[in-house]
Undergrad: 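Dumping the structure here so I can ask a few things about it.
The chains referred to below are lettered A, B, ... by the order of the sequence lines, with proteins before strands, and numbering in each begins at 1.
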Amino acid sequence: MFFDYFHCILFKYYTIISKMAKNFTTRKEDYAKWYNELVIKADLAEYSAVRGCMVIKPYGYGIWETMQQTLDRMFKDTGHSNAYFPIFIPKSFFSREAAHVEGFAKECAVVTHYRLKNDENGKGIVVDENAKLEEELIVRPTSETIIWDTYRKWIQSYRDLPLLLNQWANVVRWEMRTRLFLRTTEFLWQEGHTAHATREEAEEETTKMLEVYATFAREFLALPVWKGRKSESEKFAGAVETYCIEALMQDGKALQAGTSHFLGQNFAKAFDVKYLDKENKQQFVWATSWGVSTRLMGALIMAHSDDQGLVLPPKLAPEQVVIVPIYRKEEDFEKVNEKALQIKEELKAKGIRVKYDDRDTYKPGWKFAEYEFKGVPVRIAIGPKDIEKGTVEVARRDTLEKAFYQATDLATKIEHLLENIQQNLYNKAMDFREENTHKADSWEEFKDTIENRGGFVLAHWDGTAETEEKIKQETKATIRLIPLDAKEEKGKCIYSGNESNRRVVFARAY
RNA sequence: CGGGGUGUGGCGCAGCUGGUAGCGCACUUGUAUGGGGUACAAGAGGCCGUUGGUUCGAGUCCAAUCACCCCGACCA
């Protein structure tokens with residue numbers, strides 16, 4: 001009976017979803033505006049006084065915190081520990097690895113002085129020119145250099161390996177254009193940095209962590225992702241190989257949601273990190289680094305939300321259920337309040353994150369709208385009529401459907417409902433991705449698909465950087481990744497007509 | 001750095017050919033309301049981005065300047 005109910009609404013919601021998806025793709029030009037308004041209205045974040053920097057508000061931070069805790073647990077379960085390294089990096093460290101400095105040089109904030117003073121001509125506070133630093137400090141855009149400089153001191157023997165560390169930190173990249181969560185001047189992230197005795201072990205670590213990210217995306221963000229390898233030109237500055245997960249947003253653009261790099265011995269050589277192996281020989285260590293950032297918040301927002309506001313997967317919602325009491329007279333309130341508190345305790349006992357909103361400064365309708373903006377997965381309303389009938393009204397955010405539930409054993413029903421919502425969000429995102437993944441076998445077909453349909457395009461590529469660059473210039477589409485599980489398939493490059501052994505994934509991207 | 005746009009109460013905006021600064025939302029108080037953003041009434045709140053010019057008089061015209069936003073180039 002209970003599950004029959006879900007089956008029937010499943011049908012309804014598919015029609016709603018497909019309409020919604022069309023709605024989004026037909027007004028791509030409004031998408032940025034929709035996104036910005038959503039972030040503000042759902043109370044997630046806003047721009048601060050500092051150019052391109054955002055303030056993450058308590059509600060938005062709550063979601064990030066849940067992501068952090070979940071990922072942190074997954075890192076610990078795979079043998080990693082947390083540590084912390086400085087925010088400043090001496091300029092000389094930064095330039096030790098040639099490709100690395102080349103890749104980041106254009107977007108670095110630099111500290112040149114360490115003191116201010118009162119201006120003698122009354123112009124207020126000015127930089128004290130006498131307090132110029134001998135060597136400038138770079139505000140970290142990523143921490144490889146300072147970490148590898150430290151690892152040199154920590155690693156002597158094969159017994160010190162592997163070294164598996166992660167840090168939760170902020171980094172600064174002075175980008176030209178910013179967007180809330182997707183590309184801000186400062187952002188929060190985690191960066192894992194590991195050192196290994198052998199190439200094989202480091203490569204294994206790289207793919208293992210990519211798998212952790214893909215699992216997190218699937219099970220918590222309710223987001224299906226492609227896993228793959230980056231092309232030469234899209235690689236991380238200083239990496240031998242970059243692996244990534246890519247997700248599809250509702251406007252048909254791809255978003256890189258996480259990266260895992262195999263760094264080879266590049267940083268070990270640049271920072272002289274060696275160990276003595278069992279044969280008493282000096283060897284350079286093998287390295288990886290991997291990270292995800294507050295950009296995941298952007299992915300979460302763009303993947304599931306609709307015109308009514310944010311839609312959160314239950315597993316990441318700071319508040320999974322909100323209870324709204326409805327009453328007119330004081331004596332009604334007492335009964336309703338009693339029932340609501342009882343339900344709250346039942347839900348809490350099941351480990352459900354529940355909020356009882358008994359503020360009498362806002363009306364029920366106002367609260368309904370507010371929790372919809374904020375994407376709370378399930379809303380329970382209780383009024384005098386429910387007290388009489390022994391029911392409650394349950395509304396689910398993903399489908400916007402309402403139903404009356406018998407109040408007996410409510411916690412179990414809600415528990416199932418939350419699981420169901422989590423699964424439905426994933427299914428919906430998966431369906432959307434399937435619908436928006438196309439094959440293209442000719443240049444005309446490719447251009448037409450990128451321009452008019454969007455989404456991922458699977459096409460043959462001759463493997464050269466020149467072709468990749470030309471395609472990018474002519475269509476704005478880039479190679480998002482070379483799929484890990486790609487099947488061998490003979491074909492001709494859509495641009496050059498040269499031989500190709502497998503299809504790669506193209507898309508316009510954030 | 002190129003191309004376009006905007007600066008007016010907390011937010012979103014109107015203010016034409018110069019003549020006493022306005023609207024909506026939000027805020028405060030009161031009364032009635034309360035199952036989808038309640039209604040009415042009364043309030044509080046503004047060097048019109050900055051500087052200079054034209055004028056008897058500038059939010060409005062002119063010049064300079066600063067800031068922000070959008071579209072490119074750069075990027076997670």
Side-chain angles (χ1 to χ4, degrees), chain A residues 28-33 35-37 40-41 46-52 102-108 141-142 170-191 213 230 233-237 239 242-247 253-261 289-299 308-309 324-330 332-333 336 358-374 379-389 391-395 400-402 404 472-473 476 478 480 508-510:
Chain A
K28 270 181 207 165
E29 61 284 357
D30 297 337
Y31 196 75
K33 198 178 170 197
Y35 176 85
N36 273 321
E37 281 177 4
I40 304 290
K41 275 207 307 203
E46 63 192 29
Y47 279 116
S48 71
V50 185
R51 190 213 88 119
E102 172 76 14
F104 285 103
K106 282 182 275 182
E107 52 187 50
C108 286
T142 179
N170 58 338
V171 288
V172 168
R173 295 183 189 175
W174 214 268
E175 304 285 359
M176 290 172 177
R177 287 186 63 202
T178 60
R179 283 190 72 185
L180 288 165
F181 288 118
L182 296 176
R183 184 170 294 104
T184 44
T185 302
E186 179 192 22
F187 57 96
L188 306 182
W189 77 347
Q190 61 65 218
E191 45 181 326
Y213 289 153
K230 283 289 189 199
S233 50
E234 296 272 331
K235 250 170 41 179
F236 172 74
T242 288
Y243 297 86
C244 65
I245 54 171
E246 292 275 336
K253 283 169 86 174
L255 182 80
Q256 180 173 309
T259 48
S260 183
H261 313 290
S289 71
W290 28 273
V292 295
S293 71
T294 33
R295 188 176 232 211
L296 287 179
M297 294 286 293
Q308 335 304 322
V324 178
I326 292 158
Y327 55 92
R328 198 177 307 190
K329 291 165 274 178
E330 195 57 32
D332 286 343
F333 175 73
V336 167
D358 61 350
R359 290 176 297 178
D360 63 357
T361 46
Y362 291 96
K363 307 188 46 164
W366 197 93
K367 292 177 188 172
F368 293 170
E370 187 187 24
Y371 292 113
E372 251 156 45
F373 287 154
K374 297 178 93 171
R379 185 187 69 230
I380 298 176
I382 307 170
K385 289 181 211 160
D386 294 304
I387 302 294
E388 279 172 34
K389 290 189 285 185
T391 59
V392 295
E393 188 198 66
V394 176
L400 296 169
E401 297 224 341
K402 291 189 284 194
F404 284 96
K472 184 180 175 182
Q473 279 172 9
K476 289 188 213 154
T478 50
R480 299 321 303 155
R508 285 186 182 157
Y510 278 98

Undergrad: State whether A:K41 and A:E372 are salt-bridged, where the test is any N-O pair (Lys NZ or Arg NE/NH1/NH2 against Asp/Glu carboxylate O) under 4.0 Å.
TA: no
Undergrad: Could you pick out which residue, A:A509 or A:K329, lies toward the 5' side of RNA chain B when each is mapped onto its nearest nucleotide?
TA: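 Nearest nucleotide further toward 5': that of A:K329.
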Undergrad: Describe the nucleic acid contact of A:L255 in one word from base, sugar-phosphate, nothing, applying a heavy-atom distance below 4.0 Å.
TA: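 The residue A:L255 makes no contact with any strand.
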Undergrad: Checking A:R179 against A:Y35: charged group under 6.0 Å from the ring centre and within 45 degrees of the axis?
TA: yes
Undergrad: Sort out the partner of B:rG7 for me: Watson-Crick or G-U wobble, both distances under 3.5 Å, none otherwise.
TA: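 In the structure as shown, B:rG7 has B:rC66 as its Watson-Crick or wobble partner.
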Undergrad: Sticking with atom C1', work out how far B:rA58 lies from B:rC40, rounded to a whole angstrom.
TA: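 Comparing C1' positions in B:rA58 and B:rC40 gives a spacing of 40 Å.
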Undergrad: Relative to the 5' end of RNA chain B, which residue comes earlier, A:F104 or A:A395, by the nucleotide with the nearest heavy atom?
TA: A:A395
Undergrad: Check every atom of B:rA76, B:rC74, B:rG36 against the side chain of A:R295 and return the nucleotide holding the closest atom.
TA: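 So the side chain of A:R295 is nearest to B:rA76.
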Undergrad: Taking the six-membered ring of A:F187, is NZ or CZ of A:R295 closer than 6.0 Å to its centre and within 45° of its axis?
TA: no
Undergrad: Please determine, for the side chain of A:E107, which listed nucleotide (B:rC74, B:rG36, B:rG72) has the closest atom?
TA: B:rC74
Undergrad: Can you tell me the base-pairing partner of B:rG2? Count Watson-Crick or G-U wobble geometry only, both distances below 3.5 Å, and say none if there is no partner.
TA: B:rC71
Undergrad: Report the distance from atom CD of A:E234 to atom P of B:rA76, rounded to the nearest whole Å.
TA: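 After rounding, the gap between these two atoms is 8 Å.
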Undergrad: Which base, if any, makes a Watson-Crick or G-U wobble pair with B:rU60, both distances under 3.5 Å?
TA: none
Undergrad: With hydrogens left out and only the distance checked, is there a donor-acceptor pair under 3.5 Å joining A:K402's side chain and the base of B:rG36?
TA: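 Such a pair is found, so the answer is yes.
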Undergrad: Could you give the distance separating B:rA64 and B:rU60 at their P atoms, to the nearest angstrom?
TA: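 That atom pair is separated by 16 Å.
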Undergrad: Is there a Watson-Crick or G-U wobble partner for B:rG43 with both distances under 3.5 Å, and which nucleotide is it?
TA: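 Per the H-bond distance test, B:rC27.
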Undergrad: What is the base-pairing partner of B:rG22, counting Watson-Crick and G-U wobble geometry with both distances under 3.5 Å?
TA: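 Its partner is B:rC13.
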Undergrad: Counting any heavy atom closer than 4.0 Å, what does A:E175 reach on the DNA or RNA strands: base, sugar-phosphate only, or nothing?
TA: base
Undergrad: Under 3.5 Å for both donor-acceptor distances, Watson-Crick or wobble: does B:rA32 have a partner, and if so which one?
TA: B:rU38
Undergrad: Between B:rG22 and B:rA63, how many Å separate the two P atoms, rounded to a whole number?
TA: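 Approximately 29 Å lies between the P atom of B:rG22 and that of B:rA63.
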Undergrad: B:rG34, OP1 or OP2 - any side-chain N/O from A:R328 closer than 4.0 Å?
TA: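 Yes.
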Undergrad: Using whole Å, report how far OH of A:Y47 lies from C1' of B:rC11.
TA: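 Roughly 18 Å, once rounded to whole Å.
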Undergrad: Please report, rounded to the nearest Å, how far the P atom of B:rA76 is from the CH2 atom of A:W290.
TA: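 The answer, rounded to whole Å, is 19 Å.
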Undergrad: How many Å lie between CG on A:L400 and C1' on B:rG36, as a whole number?
TA: 12 Å
Undergrad: Rounded to whole Å, how long is the line connecting atom CD1 of A:I40 with atom C1' of B:rC69?
TA: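 After rounding, the reported distance stands at 13 Å.
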Undergrad: Work out how far the C1' atom of B:rG15 is from that of B:rG7, and round it to whole angstrom.
TA: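 Rounded to whole Å, the distance is 15 Å.
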Undergrad: Does A:K367 make a cation-pi contact with A:Y362 (under 6.0 Å, within 45 degrees of the axis)?
TA: no
Undergrad: By nearest atom, which of the nucleotides B:rG35, B:rC74, B:rA76 is closest to the A:Q256 side chain?
TA: B:rA76
Undergrad: Could you tell me how far B:rC70 sits from B:rU51 if I compare only their P atoms? Round to whole Å.
TA: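 Looking at atom P only, B:rU51 and B:rC70 are 28 Å apart.
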Undergrad: Across the strands shown, which category fits A:T294 at heavy-atom distances under 4.0 angstrom: base, sugar-phosphate, nothing?
TA: nothing
Undergrad: For the residue pair A:W290 and A:Y213, does the interplanar ring angle fall in the parallel (under 30°), tilted (30 to 60°) or perpendicular (over 60°) class?
TA: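 Rings of A:W290 and A:Y213: perpendicular, over 60°.
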Undergrad: Answer with base, sugar-phosphate or nothing: what part of the nucleic acid does A:Y510 contact at a heavy-atom distance below 4.0 Å?
TA: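 Touches nothing.
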Undergrad: Rounded to whole angstroms, how far apart are CD on A:E370 and P on B:rA26?
TA: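 Between P of B:rA26 and CD of A:E370: 13 Å.
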Undergrad: When you measure from the side chain of A:K230 to the backbone N and O of A:E234, does any donor-acceptor pair fall under 3.5 Å?
TA: no
Undergrad: Measure from CD on A:E37 to P on B:rC69 and round the result to the nearest Å.
TA: 16 Å
Undergrad: Classify A:R379 by what it touches in the nucleic acid, base, sugar-phosphate, or nothing, heavy-atom distance under 4.0 Å.
TA: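 Contact class for A:R379: base.
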Undergrad: What does A:K367 touch in the nucleic acid at a heavy-atom separation under 4.0 angstrom: a base, only the sugar-phosphate, or nothing?
TA: nothing
Undergrad: Side chain of A:M176: nearest nucleotide among B:rC70, B:rG36, B:rC74?
TA: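 For the A:M176 side chain, the nearest candidate turns out to be B:rC74.
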Undergrad: Between the side chain of A:E175 and the main-chain N/O of A:T184, is any donor-acceptor distance below 3.5 Å?
TA: no
Undergrad: Could you check if a side-chain atom of A:F104 sits within less than 4.5 angstrom of a side-chain atom of A:T142, using non-hydrogen atoms only?
TA: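 A side-chain contact under 4.5 Å exists here.
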Undergrad: When the C1' atoms of B:rC68 and B:rG12 are compared, how many Å lie between them, rounded to an integer?
TA: 16 Å
Undergrad: Roughly how many Å apart are B:rG45 and B:rA21, using the P atom of each and rounding to a whole number?
TA: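 To the nearest whole Å, 15 Å.
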Undergrad: Expressed in angstrom and rounded to an integer, what is the separation of A:I380 atom CD1 from B:rG36 atom C1'?
TA: 17 Å
Undergrad: Syn or anti for B:rC47? Use the chi torsion, O4'-C1'-N9-C4 for purines and O4'-C1'-N1-C2 for pyrimidines, with syn inside 90° of 0.
TA: syn
Undergrad: Rounding to the closest angstrom, what is the interatomic distance between B:rC48 and B:rG36 at atom P?
TA: 45 Å
Undergrad: Check every strand shown and say whether A:K363 touches a base, only sugar-phosphate, or nothing at a heavy-atom separation below 4.0 Å.
TA: base
